[in-house]
Structures are given as structure tokens and as C-alpha cells.
Number of protein chains: 2
Amino acid sequence: MKAPAYRRSVPDARRRSLIEACMRVLAREGATRTSVRAIAAEAGVSAGLVNHYFEGVDALVAETYAETDRLVTDRLAEAVAAAGPDPRDRLAAFVTGSFAAPIANPDLLATWIAFWSLVSARPEIAAQHEAHYCAFRARLEELLAACGVPADRLRSAAIGVTALVDGLWLELCLSPGQFDPAEADAIARRFLDAIIASGG
Amino acid sequence: MKAPAYRRSVPDARRRSLIEACMRVLAREGATRTSVRAIAAEAGVSAGLVNHYFEGVDALVAETYAETDRLVTDRLAEAVAAAGPDPRDRLAAFVTGSFAAPIANPDLLATWIAFWSLVSARPEIAAQHEAHYCAFRARLEELLAACGVPADRLRSAAIGVTALVDGLWLELCLSPGQFDPAEADAIARRFLDAIIASGG
DNA sequence: CGGTTTGTTATACAATCGTCCAATAAGTCG
DNA sequence: CGACTTATTGGACGATTGTATAACAAACCG
């Protein structure tokens, strides 16, 4: 057996600590200055250990992206759940959550940039990105459908909302001074109103 | 005198050839594998020459971004000019042009990624990005104003359209298989219709 | 306890990084 | 032509990169 149940807990904790160290280094140093050694130092272990737990630095970045994505997904799900039963409230909570801390955070941008820079070269990472994109869009389609957007417009509506949210989020991270989360939220909500009004 | 007029033409050609080589390397190799040596080899010159014409590799990347931005801006201006006098046609041409080749091109994404990864660390590059963003938004505000969008809604409308176009463009580059430029165009146009209808 | 697997470190490695410098080629001007 | 500025090269520099490996420590099982 490679990993008995009673044993797996420790290595998994190590893996997680390395992923979290990777997040911190990406946030603090940026994508270009993030290296195996910097991550290992941040985690308080030797550099060789990274290659013992991951197939390489790219795999660690990919898993860090996946973990960050999981964090964002959970956070948005909580926001939707806390919004109550009204479909419009739930949809609004989803986009509002995308612009609030800790999701719209310049520190997180470095993780996305590090990941994006691997997409063109690595097919498996491109696949991972597509899976993330499709999942995000699917959740949005659910929320939109509950608001009465007809099925034949669901796809394009979800693509549009995703793009708008991503674009606002990106600019919020790149130039925090241009507009604030509240303004981004107001813009996105007006877009949602237009979609639902024209669709219903 | 440092650079007489009759002399400047040759070095400027060299500068441009290095910038174009930087574009090609970024497109072919990606942001992570782009180095001074790779760029110099692509341009057919020695590596040392890059530091003779630019203050460093970051400066070269910044100028490559500026050049690419100029290219995109010109292309969109041409598209708007070719659209004729009708304000709605001009606005539509602007967004349609953003999704057509050669602007929506995975090859160009590497240039943006390389540039974005410098934004957080280098204040002067953050300033360059803000200038680019403001210029894009200002052009959009002009086109929207001509379509009758009232002045007090101009800012948020332009921010929204910019975000939507950027988000669609980004996804078009990252996952070309998810939707095509025509679909992106249709989504963006419906957004424009909603803005103009509600605003006028 | 002894044998085996696993966690972990330290180090070595070859490659590549950006930058700098001395030397040479080429062009320009008095 | 001679003085001078610029263009360009090739090589060296130290730092850093990702990864592989050998050794040591620790945990586990029979």
C-alpha cells in the first residue's frame, strides 16, 4: 500500500502547507519572483521537499490555483446561501461576492497570472482552466435560470455575466484606484437587470 | 548632441526590430520562457545589445506592451472610421474589432501576461497600465456619448463595456474552444443595446 | 527488535538568468 | 586623415533557476 489511511494525514498537511506557502509567496513577491526555493523557505522546509510532494513547480502552481479556486467557489456559495430564497437576491449576492474581499484582491491576481502563463504551453493546464471556466458558468446558469432567463438565452447570458465579472475583477486588481468594489457591483447589477428584464 | 535627426533612423529601426522580436518570442515561447537572450537571438543580434537600447528587460517588455497597445488602438480606430457616420455603427465596429483577428489572438495574450506580472512590483508600469486603461475608456466614452448615453451615466457605462470586452477577449484567448468571436460579438452588442435603450 | 518504507535535508548539477565590461567595427565630423 | 561618438560583439560575472541524488531520521509493520 502506498498511503495507509492513518498515515496520509501528515503528508496531506505538508502538501497543504506548501500550497499555502505558494499562495503567500505569489502574493508577496509576484509571479516572476516565485521560485521553488522561495516557497520552500516560506514553508520552512528544504527545497527538495517540493519535488517530493509535487511533480514540479508547475504542478504546485496548478494545485495552488485549484485551491484558490476552491476558496473562491466556497466563498461565493456561502454568499448565495446567506442571501435567502429569492432568486434575484441570490444572483446579486453571487456577483457582489466576486468584488468583495478576499476575492477581489491584488494578492490573488499573481496566482491567476502565474497560472495563465502556463495555459498556452501545457495542455493539461489548459484543460484545468476550461474546467474552472465551465464550472463558474454552470453555477451562473443555474442562478440565471432561477431568475426566469429562458433556456435558449442561458448560455450567452452566462458567458456575458462571467466576462463582465471577470473584467471588472481584473481591473479592480490591476488598478484599485480606478473604481471601487461598490461601483463594480452597481455596474454588474444593472447588467443583470437588463438581462432579466429582456429575457422574461 | 546625443542623437542628430539624420542618425536616429537607424537606431530606431533597431529598437523596433527588438520590440518585434520580443513580440514573436512572447507569442511563441510564452511569458516564462522569454529572456533577453531569446529575444536577441530572434532579432539576430547579441544579447548585450538589448541593454544598450533598453534599460533592462522589463523596460523592453513595457515598450513591447506599449507598441502592441498602439497596434490595437490603431486597428480599432480604423474599424470605427470604416464604419461610417452612424454612432451606433461606430460603437458596434469598436467592439466587433476587439474580437476579430489580429486583436483577439492567443499569441497576444502572452504580451499582456508578461506586462501584468510587472504591474504589482513596478509603480511606473502600474502607471502605464492605468494610462492605457483610461485611454481605452475615454475612447469608449466618446462613442457612447455619440449614441446618446447621458453624461452622468457615461463613466459607469464605459467601465462596464470595457470590462465586458476585456473579459470576453481574455476568455477567447485562454480557451478559444468555448465560444467564437461571433458569439462574443453578439453578447457584447446586446449589452450595448441595453445600455443605450435604458440611457436614452 | 529488524527490515522496510517514507519523510526530509543538504548538496550538487547543469542550465539559464540579467547585467556589465572591454574590445572591435562602423559611422560622423572638424 | 585624425578625433570622436556610436553600434555591436563576445565573453565574463554572480545569482538564481528547477531538478536529481545520496544520505540521514523517523515512522511503521511483522
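So you know, we letter chains A, B, ... as the sequences are listed, proteins then strands, and number each from 1.
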For residues 96-104 of chain B, which side-chain N or O atoms pair as donor and acceptor with protein atoms under 3.5 Å away, sequence neighbours left out?
residue, atom, partner, partner atom, Å
T96(B), OG1, A92(B), O, 2.8
T96(B), OG1, D185(B), OD1, 2.8
T96(B), OG1, D185(B), OD2, 3.3
T96(B), OG1, R189(B), NH2, 2.9
S98(B), OG, F94(B), O, 3.1

Which donor-acceptor pairs under 3.5 Å do the side chains of residues 172-181 of chain B make with protein atoms, sequence neighbours left out?
residue, atom, partner, partner atom, Å
S175(B), OG, H129(A), ND1, 2.9
S175(B), OG, E171(B), OE2, 3.4
Q178(B), OE1, R137(A), NH1, 3.2
Q178(B), NE2, E130(A), OE1, 3.1
D180(B), OD1, A182(B), N, 3.4
D180(B), OD1, E183(B), N, 2.9

Please report, rounded to the nearest Å, how far the [atom2] atom of [N] is from the [atom1] atom of [X].
X: F54(A); N: dG7(C); atom1: CZ; atom2: C1'; value: 14 Å
X: I39(A); N: dT17(D); atom1: CD1; atom2: P; value: 10 Å
X: R14(B); N: dA25(C); atom1: CZ; atom2: C1'; value: 13 Å
X: D12(B); N: dT6(D); atom1: CG; atom2: C1'; value: 14 Å
X: H52(B); N: dT8(D); atom1: NE2; atom2: P; value: 8 Å
X: R15(A); N: dT8(C); atom1: CZ; atom2: P; value: 13 Å

Contact list for DNA chain C against residues 111-128 of chain B - heavy-atom distance below 4.0 Å:
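Residues of residues 111-128 of chain B that come under 4.0 Å of DNA chain C do not exist, since none gets that close.
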Position toward the 5' end of DNA chain D (nearest nucleotide), G44(B) or D58(A)
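Counting from the 5' end, the first nearest nucleotide belongs to G44(B).
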Per-pair distances, 0.1 Å, donor-acceptor, side chain in residues 70-78 of chain A, under 3.5 Å, sequence neighbours excluded:
residue, atom, partner, partner atom, Å
R70(A), NH1, E67(A), OE1, 2.5
T73(A), OG1, D69(A), O, 2.8

Is there any protein nitrogen or oxygen under 3.5 Å from a nitrogen or oxygen in nucleotides 16-18 of chain C, and what are the pairs?
residue, atom, partner, partner atom, Å
dC17(C), OP1, S35(B), OG, 2.9
dG18(C), OP2, V36(B), N, 3.0
dG18(C), N7, R37(B), NH1, 2.6
dG18(C), O6, R37(B), NH2, 2.7

In Å, rounded to the nearest 0.5 Å, how long is the span from CG of L144(A) to CD1 of I195(A)?
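So the CG of L144(A) and the CD1 of I195(A) are separated by 6.0 Å.
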Keeping to residues at least two apart or across chains, list the salt bridge (charged side-chain N to carboxylate O under 4.0 Å, His left out) pairs with something in residues 81-101 of chain B.
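Non-adjacent pairs meeting salt bridge (charged side-chain N to carboxylate O under 4.0 Å, His left out): R88(B)-D193(B).
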Contacts of R28(A) that satisfy side-chain hydrogen bond (donor to acceptor under 3.5 Å, both in side chains) - sequence neighbours left out:
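Per chain and number, R28(A) pairs via side-chain hydrogen bond (donor to acceptor under 3.5 Å, both in side chains) with E42(A).
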Tell me the closest heavy-atom pair linking G56(B) and N51(B), and the distance in Å.
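What the structure gives for the nearest pair is CA-OD1, 3.7 Å.
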Under 4.0 Å, heavy atoms only, any strand: does V45(A) hit a base, just the sugar-phosphate, or nothing?
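Sugar-phosphate: the residue V45(A), judged by heavy atoms under 4.0 Å, touches backbone atoms but no base.
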Would you please name every residue forming a ring-ring contact (aromatic ring centres under 6.0 Å, His included) with Y65(A), sequence neighbours left out?
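By the ring-ring contact (aromatic ring centres under 6.0 Å, His included) rule, Y65(A) matches W112(A), F115(A), H132(A).
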Anything under 3.5 Å between a donor and an acceptor, one on a side chain of residues 117-127 of chain A, the other on a protein residue two or more places apart or in another chain? List them.
residue, atom, partner, partner atom, Å
S117(A), OG, I113(A), O, 3.3
S117(A), OG, A114(A), O, 2.8
R122(A), NE, D58(A), OD2, 3.4
R122(A), NH2, D58(A), OD2, 2.5

